[in-house]
Enquirer: 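Before we start, here is the structure in question, set down as structure tokens.
From a predicted model like this one, the values you see are computed outputs, not experimental measurements. Start at 1 and go down the list; that is how both ligands and their atoms are numbered.
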Amino acid sequence: MKIAVFVSGRGSNLKSILEKVPVSKAQVMAVVSDKVDCQAFKIADEYKIKIYSACNKEKEGYISYTTLIEKLKAENINLIVLAGFLKKIPDEFVDAFKNRIINIHPALLPSFGGKGMYGLNVHTAVFNSSAKVSGATIHFVDKIYDNGFIIAQKAIDISDLNSPEEIASRVLNIEHELLPFVIEKFSEGKVVIENRRTKILN
Ligand code: GRF
């Protein structure tokens, strides 16, 4: 299976995919960002992976999403993974890769999701809510923020933690396990949608 990973910053989820998903199961063919430079691009360079900066309007150093779709289709990419990508994916892109775009969110959706809920904002909202658990969610991407069918979740106890930063760190460890696991299941054709629910087959 050939995948493209969309990033905006640090790239730790990209790195965990590269380190944990066997290339026999899935190869990262491209890394895409809304930025012209970010830490995640440095990881892509280390692995000699093509990088693209994409945006809705023609800008120096960027390609349009229309052009990006052509390039990713030409590479036979069949799974798009949003890993810390902070922009909303344009509708034309969602249509071009229907049910083939997944996102990892650092909380247990549908709680603590939606526009503006990214990075430390999420963990601050969780901390201030006095919730005793948090975790990570992987879901399909559709045309509404953090709204697509949930594919997988893993919850963790945060009752012993004393700050949003501590929650962020514990949740990130979960993300680094859950995302490679789900990608591998996709590569085995074991992620299925039945009766409006997503299942991961054994
Ligand atoms: C992760 O916490 C992810 O859940 C969220 O953004 C963060 C990206 O971190 N969407 P990284 O760039 O993968 O290190």
Enquirer: Set out, in order, the CA-CA distance, both residues' side-chain angles and the distance that settles side chain to side chain donor-acceptor pair (under 3.5 Å) for S12 and H176, then state yes or no.
Expert: CA-CA 8 Å; S12 72; H176 291 167; 2.8 Å; yes
Enquirer: So does K88 have more than 12 non-hydrogen atoms from other groups sitting under 6.0 Å from NZ?
Expert: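 Yes, NZ of K88 has more than 12 neighbouring heavy atoms, counting only those of other groups under 6.0 Å.
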Enquirer: Do any nitrogen or oxygen atoms of R10 come within less than 3.5 Å of a nitrogen or oxygen of ligand 1?
Expert: yes
Enquirer: What residues, two or more places apart in sequence or in another chain, satisfy side chain to side chain contact (heavy atoms under 4.5 Å, CB included) together with L86?
Expert: S8, Y118
Enquirer: Taking 4.0 angstrom as the limit and counting only heavy atoms of G11, give me the atoms of ligand 1 inside it, by number and element.
Expert: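 Per the distance check, 11 (P), 12 (O), 13 (O), 14 (O).
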Enquirer: Honestly, is K73 close enough over F97, meaning NZ or CZ under 6.0 Å from the six-membered ring centre and within 45° of the axis?
Expert: yes
Enquirer: Which residue and atom name correspond to the protein heavy atom nearest atom 10 (N) of ligand 1, and how close is it?
Expert: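 Among all protein heavy atoms, the one nearest atom 10 (N) of ligand 1 is I104 O, 3.3 Å.
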Enquirer: To check your reading of the model: name the closest protein heavy atom to atom 6 (O) of ligand 1, its residue, and the distance in Å.
Expert: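 Here the closest protein heavy atom is G84 CA, 3.4 Å.
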Enquirer: Could you list who else is in L109's hydrophobic cluster, with ILVMFWY side chains joined at under 4.5 Å, directly or through other members?
Expert: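 Reading the cluster by chain and number, L109 sits alongside I150.
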Enquirer: Under 3.5 Å between any N/O of N13 and any N/O of ligand 1: does that happen in this structure?
Expert: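 Right, the criterion is met.
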Enquirer: Just to confirm my output: which protein heavy-atom neighbour is closest to atom 3 (C) of ligand 1, and how far is it?
Expert: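 Scanning the protein heavy atoms, the shortest distance from atom 3 (C) of ligand 1 goes to E175 OE1, 3.1 Å.
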